[in-house]
K.L.:
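Have a look at this one before I ask anything.
So you know, we letter chains A, B, ... as the sequences are listed, proteins then strands, and number each from 1.
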There are 2 protein chains.
Amino acid sequence: MPPDSAPPDPPRAEVRRAQILAAAGDCFRSKGFHGASIAQISRIAGMSPGHIYHYFENKEAIIAAIVAQDLEHVLAMTASLRVACNMKEAMVEHVADGVARNLEPRTAGLNLEILAEAARNPHVAEIVRSADRVCRDSLGRTLRDMRRASGHDDDEATIAGMIEVLAAMFEGLASRSIRNPHLDRDVVVRLFQGALRDLLSQNP
Amino acid sequence: MPPDSAPPDPPRAEVRRAQILAAAGDCFRSKGFHGASIAQISRIAGMSPGHIYHYFENKEAIIAAIVAQDLEHVLAMTASLRVACNMKEAMVEHVADGVARNLEPRTAGLNLEILAEAARNPHVAEIVRSADRVCRDSLGRTLRDMRRASGHDDDEATIAGMIEVLAAMFEGLASRSIRNPHLDRDVVVRLFQGALRDLLSQNP
DNA sequence: GCAAAAATAGAATGTTTATTCTAGAATGAC
DNA sequence: GTCATTCTAGAATAAACATTCTATTTTTGC
């Protein structure tokens with residue numbers, strides 16, 4: 001449950017809202033944002049089509065809510081990772097998790113759907129970008145501390161660049177899982193660990 | 001009547017077909033595969049909606065053609081790259097082009113659209129996968145030669161893994177260009193070059 | 001020039017869509 | 001229990017959509 005800042009709503013409404021979001025998640029994953037219809041979502045959510053409009057202004061609002069919900073998960077994960085990973089080797093150990101998560105077909109599909117929608121829907125783009133900003137800030141602090149601790153003195157641009165490279169690598173796995181579903185995950189993990197080590201200990 | 005099963009030879013037909021594909025490309029880029037309508041495509045292509053069905057059986061066939069066309073460009077690029085890049089440093093030099101190309105918003109948007117569609121449309125998935133197979137084979141040969149020339153003896157799995165890492169890095173840039181449109185391209189190029197050098201010269 | 005064939009437009013079709021409207025059922029306050 | 005409020009269903013609406021049909025124009029082979 002996201003710790004919503006919204007005023008205390010009747011619990012009934014919250015349950016209903018959650019049902020809609022769950023159903024919409026399923027439909028969006030399998031049909032895409034524009035391939036899934038309100039009728040379909042309402043059937044899976046166990047309510048009438050019209051009733052959905054008591055909780056969401058329109059279909060775009062449902063899309064936005066799904067995107068926000070999904071990114072909040074990522075945000076929470078990033079935050080917890082920051083606490084656990086003050087050291088380089090700890091990060092390297094987490095690579096296996098990160099690779100597995102990003103290769104998961106269901107995750108990959110919805111992520112790509114979100115990005116494609118963000119590429120043409122400014123509202124969704126803003127949600128995606130603001131979540132990314134938070135992730136980058138958090139990862140940036142971790143990275144700067146780590147590099148300082150090992151004697152390097154990087155400028156901001158280099159830190160930001162490292163984050164982009166890291167992010168591109170992991171986010172690129174979604175693309176890889178679609179294009180080459182039979183890729184050898186273990187080898188990828190091994191090489192990712194090597195690349196990460198090199199990236200984090202390189203001289204400027 | 002369904003369209004002629006054999007594409008007509010006359011150049012007239014080819015021009016018309018190309019017009020449709022060009023218009024469809026524009027529409028798909030700005031609205032997505034399912035957001036773009038035949039009416040819209042036909043308007044931009046300068047013909048009637050019904051006429052499109054003389055060249056394509058249905059909308060999915062247009063999507064498939066666009067996907068195939070796009071991937072053929074990538075394929076051609078990969079092939080030319082293989083000729084030019086027998087050496088590591090030559091590849092490193094091409095990083096800047098590769099980064100710029102993958103960060104291009106128009107390219108990135110359509111690529112993400114294609115991947116999202118491939119995640120749920122088996123027909124499109126097959127096109128994408130077969131193109132990727134060709135790219136991997138070509139890059140694999142290049143990489144193996146390069147590594148042998150510098151005294152390394154890798155097994156197939158390692159070569160395949162290197163390709164996956166490389167591909168993930170570059171393909172991940174599409175995601176980055178959406179999530180963080182203001183990223184510093186030059187720094188990313190510099191760090192990509194370093195990462196590429198490390199990846200290609202690491203010991204097994 | 002002239003028929004046969006191909007190319008094309010544009011209206012017609014039938015379905016699907018998001019969204020709104022209307023009215024009935026559940027719930028809770030007192 | 002009664003009444004006001006909130007939920008909820010399902011029909012109604014109006015637009016959009018992919019696709020097909022029909023008729024007209026253009027091209028081509030001769």
Side-chain angles (χ1 to χ4, degrees), chain A residues 6-28 30-67 113 117 120-121 123-124, chain B residues 1-67 113 117 120-121 123-124:
Chain A
D9 285 326
R12 184 69 151 274
E14 275 313 308
V15 170
R16 241 35 185 139
R17 238 184 98 98
Q19 276 175 4
I20 296 172
L21 288 185
D26 283 355
C27 293
F28 289 159
S30 58
K31 305 273 180 165
F33 286 139
H34 297 289
S37 72
I38 296 286
Q40 206 169 14
I41 294 170
S42 75
R43 217 175 308 122
I44 292 183
M47 68 186 70
S48 70
H51 193 38
I52 286 188
Y53 288 84
H54 284 212
Y55 296 97
F56 294 93
E57 194 182 346
N58 51 33
K59 197 178 163 184
E60 207 208 303
I62 305 180
I63 295 177
I66 285 281
V67 170
E113 190 69 40
E117 181 70 14
R120 64 185 113 87
N121 180 335
H123 190 188
V124 169
Chain B
M1 256 294 228
D4 305 336
S5 49
D9 293 321
R12 181 70 150 278
E14 275 314 307
V15 170
R16 235 48 178 130
R17 238 185 99 98
Q19 276 175 5
I20 296 171
L21 287 185
D26 283 354
C27 292
F28 289 159
R29 250 183 287 271
S30 58
K31 305 272 181 165
F33 286 139
H34 297 291
S37 73
I38 296 285
Q40 206 170 13
I41 293 170
S42 76
R43 216 174 309 123
I44 292 182
M47 68 185 70
S48 69
H51 194 38
I52 285 187
Y53 288 84
H54 284 210
Y55 296 98
F56 294 94
E57 194 181 345
N58 51 35
K59 197 178 160 182
E60 208 208 303
I62 305 180
I63 294 177
I66 284 281
V67 171
E113 191 68 40
E117 181 70 12
R120 64 183 114 88
N121 180 336
H123 190 188
V124 169

K.L.:
Mind jotting down which residue pairs meet the side-chain hydrogen bond (donor to acceptor under 3.5 Å, both in side chains) criterion with at least one end in residues 55-65 of chain A? Sequence neighbours excluded, please.
P.N.:
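Applying side-chain hydrogen bond (donor to acceptor under 3.5 Å, both in side chains) to every pair that reaches into residues 55-65 of chain A, excluding sequence neighbours, yields A/E60-A/H123.
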
K.L.:
The criterion is side-chain contact (heavy atoms from CB on, under 4.5 Å); which residues satisfy it with A/A45, sequence neighbours excluded?
P.N.:
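Result, side-chain contact (heavy atoms from CB on, under 4.5 Å) vs A/A45: A/A23, A/M47.
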
K.L.:
List the residues meeting side-chain contact (heavy atoms from CB on, under 4.5 Å) with A/Y53, not counting sequence neighbours, and say none if there are none.
P.N.:
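side-chain contact (heavy atoms from CB on, under 4.5 Å) list for A/Y53, sorted by chain: A/I38.
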
K.L.:
Does any pair with a residue in residues 19-47 of chain B pass side-chain hydrogen bond (donor to acceptor under 3.5 Å, both in side chains), and if so which ones, sequence neighbours excluded?
P.N.:
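Pairs touching residues 19-47 of chain B that pass the test: B/R16-B/Q19, B/H34-B/E117.
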
K.L.:
Got a sec, which residues hit side-chain hydrogen bond (donor to acceptor under 3.5 Å, both in side chains) with A/H54, two or more places apart in sequence or on another chain?
P.N.:
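Once residues adjacent in sequence are excluded, A/H54 has no partner under the side-chain hydrogen bond (donor to acceptor under 3.5 Å, both in side chains) criterion.
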
K.L.:
In B/S/- notation, 5' to 3', how is nucleotides 8-20 of chain C contacted by protein heavy atoms closer than 4.0 Å?
P.N.:
BBB------SSBB

K.L.:
Tell me: CD1 of B/I52 to C1' of C/dA7, nearest whole Å?
P.N.:
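Whole-Å distance recorded here is 14 Å.
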
